S.K.: 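My structure is below; once you've seen it, I'll send some questions.
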Amino acid sequence: MEGADQLEVSLPDERRYRLLVDAITDYAVYMLDVDGHVTSWNTGARRFKGYEPADIIGHHFSRFYTEEDLKERLPWRALETATRKGRFEGEGWHVRKDGSRFWAHVIIDPIRDPSGRLIGFAKITRDLTERREAENALRHSQEQFRLLVQGVTDYAIYMLDPDGRVTSWNSGAQKLKGYTPDEIIGEHFSRFYTDEDRAAGLPWQGLETAAREGRFEKEGWRVRKDGTRFWANAVIDAIPGEDGRIIGFAKITRDITERREAQRALDEAREALFQSQKIEAIGRLTGGIAHDFNNLLMAVLGSLELVRKRLRADSQIMALIDNAIQGAERGAALTQRMLAFARRQSLNPESVDVPALVHGMMGLMERSIGPSTIIETDFPPALAPVQVDANQLESAILNLTVNARDAMPDGGRIVIAAREKSVPPGHGSRLAAGRYIRLSVTDNGEGMDEETLAKAMEPFFTTKGLGKGTGLGLSMVHGLAEQSGGRLILKSQKGEGTLVELWLPMAETAVGVAGTERRPAGMEQSPQGPKLVVLAVDDDSLVLMNTVALLEDMGHKVFEATSAREALDLLRRETVDLVISDQAMPQMTGTQLAAEIRTTWPELPIILATGYAELPSDSDPGLLRLLKPFRQEDLRRSIARATKQGPFADPS
């Protein structure tokens, strides 16, 4: 009875265990005898391996192994290991009934009776195919990513630990920064920063920002192993762990030095274009103002000159008239500077010997700058001549030396030098290819800061006190250089003086007169020429009235016309010896009027009165020009040349 009671208790427990094992579908749980034959088979085993219990119980479990494992006798070695060590565990390919394979995780435990005798084995198999495929896919992805990162050579891609020490290093990082992995892994990434940035704490600020915000990006100078610098774009991304704590950082650095230089060059080109457009616009405005101002000065100077002729020499008013004339002449000089800046002054370019011209005006310059300033010259023994207007070049050099003197209030040294220079084709300079003379004026004065230097050539800009400068000196020199086919270059630093370079094209002909003698602005009378019938044409009534008055005072008979059409109509009715016409007139300009006159009256002398140097390219190059504002003596000389009569007639 006692044994029967024990059997009744154990049988329900055995059924419960069997029901429990059979209910497991994710694991194959079955028993083997001591030789490895299957003695039990659960639902999970049937699902994994495809065998029904009747198909597999009594058969050796080795049929679940691949041929490769059978050749290696892996099933028997697994049983032997489990018997000897008390457990066998491994992974490998197993075979289903249909021949398909799955990746299995296997555990084999030996079963012993109370006496310790081996009576069989318990085997648990789990299908890990999906997990293995996922791990393989992840491993493949990681390997692909590693190869990708290592294959990137234009970017430095590497990892940092939470403290900022390098933990990985790709080939792009080695190429960009010069360190091999052995040299840099384990080192702090702050060594890539400049001393200034490390002192300011920028590396640690970058990590703090990335940890706080998830990302940090900035541009700045970085240092290679050899100490050279490059401009870098750096990105730091924080890498959080599963619990949200930062486990490291991913850092990507790119060398954008070339892009930065290209952008800076583009910005400089844009700024240069803007400055050029601004100067051109100011030049057009200045030229227009100067032209209109010339017309006003024409009326003022001409009227004052005629009034002066009609006064007695001892008249008390004479001094006031002379003072007014001098003021008007200063205004005329101002308009010439404005026209020079606008590149609309009339130039008479000739072959000029620069050393001879400079030495010839040394006395004038020394008197102009005073005894506290020394002028030195530095010219080579043989220097080619330049093609330039000699009088304008004299004015330019005098302007530059006076400016240099003003920059040295306590005195100093001015050096005027010249050298031959060549500009090759494709040089990228604003100068055309060719041979030039670089005439320079250097002082050791106060110098200019960047802001002042940028504005120095703008018209009316001056650093001198109120009433001590017009701000047109450098503008005039700039205009002369540009109009002569050269360039003006300013170089200056605050406290280190100023260098002004005037680049002028070399002359192709032999050197001529170094400079022309300026006629003093006196009121001398020249012998009167023959009385002529003159047609005066100008759309400005003040200028026309002044021109007519000057001509009539000289004894000529004058017809007036306020337009080119009116002038042509008058020529068809009257006999005229000479035409004096303004250039800038509406509907038909002076050059167009001259062309019309030439077709019908080819021998009729014509004088073009203008303040502009630039005339249409198709205008008659032999057309005689009279520069505004002109005096009666200038008018007399022009009439003599036009009619080839009198002492001022052109000998040719």
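Predicted model, so just to flag it, every value in this text is computed and none were measured. By convention here, the first residue in the shown sequence is residue 1.
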S.K.: Are Asp113 and Arg117 close enough for a salt bridge, meaning some N to O gap below 4.0 Å?
M.R.: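 Yes, this pair counts.
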S.K.: Judged by atom type as modelled, is there a donor-acceptor pair below 3.5 Å linking the side chain of Thr167 to the main-chain atoms of Met159?
M.R.: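 At least one qualifying donor-acceptor pair exists.
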S.K.: Regarding Glu208 and Arg212, does a basic nitrogen lie under 4.0 Å from an acidic carboxylate oxygen?
M.R.: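 Salt bridge between Glu208 and Arg212, a charged N being under 4.0 Å from a carboxylate O: no.
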S.K.: Look at the side chain of Thr228 and the backbone N and O of Arg224, then say whether any donor-acceptor pair between them is shorter than 3.5 Å.
M.R.: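 Judged by distance alone, no pair lies under 3.5 Å.
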S.K.: Please determine, by modelled atom types, if Glu183 and Thr180 share a side-chain donor-acceptor pair under 3.5 angstrom.
M.R.: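 Judged by distance alone, the side chains do pair up.
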S.K.: Looking at side-chain heavy atoms only, is the closest gap between Tyr179 and Asp182 below 4.5 Å?
M.R.: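 When only atoms from C-beta onward are counted, Asp182 and Tyr179 do not touch, as no gap falls below 4.5 Å.
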S.K.: Would you say Leu70 and Glu72 make side-chain contact, with heavy atoms under 4.5 Å?
M.R.: no
S.K.: Checking the side chain of His60 only, and the main-chain atoms of Asp35 only, is there a donor and an acceptor separated by less than 3.5 Å?
M.R.: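 Side chain of His60 to backbone of Asp35: a pair is present.
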S.K.: Check for me whether Arg260 meets the cation-pi criterion with Trp231, that is, NZ or CZ under 6.0 Å from the six-membered ring centre and within 45 degrees of the ring axis.
M.R.: yes
S.K.: Do NZ/NE/NH1/NH2 and the carboxylate oxygens of Lys491 and Glu501 come within less than 4.0 Å?
M.R.: yes
S.K.: Regarding Arg264 and Glu258, does a basic nitrogen lie under 4.0 Å from an acidic carboxylate oxygen?
M.R.: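 So Arg264 does not pair with Glu258 through a salt bridge.
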S.K.: Test of understanding: with side chain to side chain contact (heavy atoms under 4.5 Å, CB included), list the residues that count as partners of Arg96, not counting sequence neighbours.
M.R.: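 Scan of Arg96 (side chain to side chain contact (heavy atoms under 4.5 Å, CB included), adjacent residues dropped) gives Asp98, Ser100, Phe102, Asp127.
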S.K.: Any side-chain heavy atom of Arg419 sitting closer than 4.5 Å to one from Asp378?
M.R.: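 A side-chain contact exists here, since the closest heavy-atom pair is under 4.5 Å.
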S.K.: Salt-bridge test for Asp243 and Arg245: reply yes if a basic N is under 4.0 Å from a carboxylate O, no otherwise.
M.R.: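 Yes.
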S.K.: For Glu68, what residues pass the side chain to side chain donor-acceptor pair (under 3.5 Å) criterion, not counting sequence neighbours?
M.R.: Thr66, Arg101
S.K.: Is Lys494 paired with Glu446 through a side-chain N to carboxylate O contact shorter than 4.0 Å?
M.R.: no
S.K.: Distance from Ile107 atom CD1 to Arg87 atom CZ, nearest 0.5 Å?
M.R.: 4.0 Å
S.K.: Do Thr257 side-chain atoms and Phe230 backbone N/O form a donor-acceptor pair below 3.5 Å?
M.R.: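 Here the side-chain-to-backbone pair does not exist.
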S.K.: Let me confirm one number: the NE2-CZ distance from His37 to Phe61, rounded to the nearest 0.5 Å.
M.R.: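 One gets 10.5 Å once the value is rounded to the nearest 0.5 Å.
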S.K.: For the atom pair CE (Met31) and CD1 (Ile111), what is the distance rounded to the nearest 0.5 Å?
M.R.: 2.5 Å
S.K.: Between Arg215 (side chain) and Ala210 (backbone), is there a donor-acceptor pair under 3.5 Å?
M.R.: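 No, the answer is negative, given that no donor and acceptor are paired below the 3.5 Å cut-off.
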S.K.: Out of curiosity, Gln387 CD to Leu504 CG, how far, rounded to the nearest 0.5 Å?
M.R.: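 Answer rounded to 0.5 Å: 10.5 Å.
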S.K.: Could you tell me how the ring of Trp41 sits relative to the ring of Tyr30: parallel (under 30°), tilted (30 to 60°) or perpendicular (over 60°)?
M.R.: tilted
S.K.: Scan side-chain atoms only and decide if Lys251 and Tyr158 contain a donor-acceptor pair under the 3.5 Å cut-off.
M.R.: yes
S.K.: Salt-bridged, Glu420 to Arg435, with N to O below 4.0 Å?
M.R.: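 Result for this pair is yes, salt bridge flagged.
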S.K.: Would you call Glu219 and Arg259 a salt bridge, using N to O less than 4.0 angstrom?
M.R.: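 Counted as a salt bridge, because a side-chain N and a carboxylate O are separated by less than 4.0 Å.
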S.K.: Check whether any side-chain heavy atom of Arg413 sits under 4.5 Å from a side-chain heavy atom of Val415, and report yes or no.
M.R.: yes
S.K.: Please check if the side chain of Asp33 supplies one atom and the backbone of Gly120 the other of a donor-acceptor pair under 3.5 Å.
M.R.: no
S.K.: For Lys218, is the NZ atom crowded, meaning more than 12 foreign heavy atoms sit under 6.0 Å from it?
M.R.: no
S.K.: Does the distance from a Lys or Arg side-chain N to an Asp or Glu carboxylate O, for Arg84 and Glu80, drop under 4.0 Å?
M.R.: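 Glu80 and Arg84: salt-bridged.
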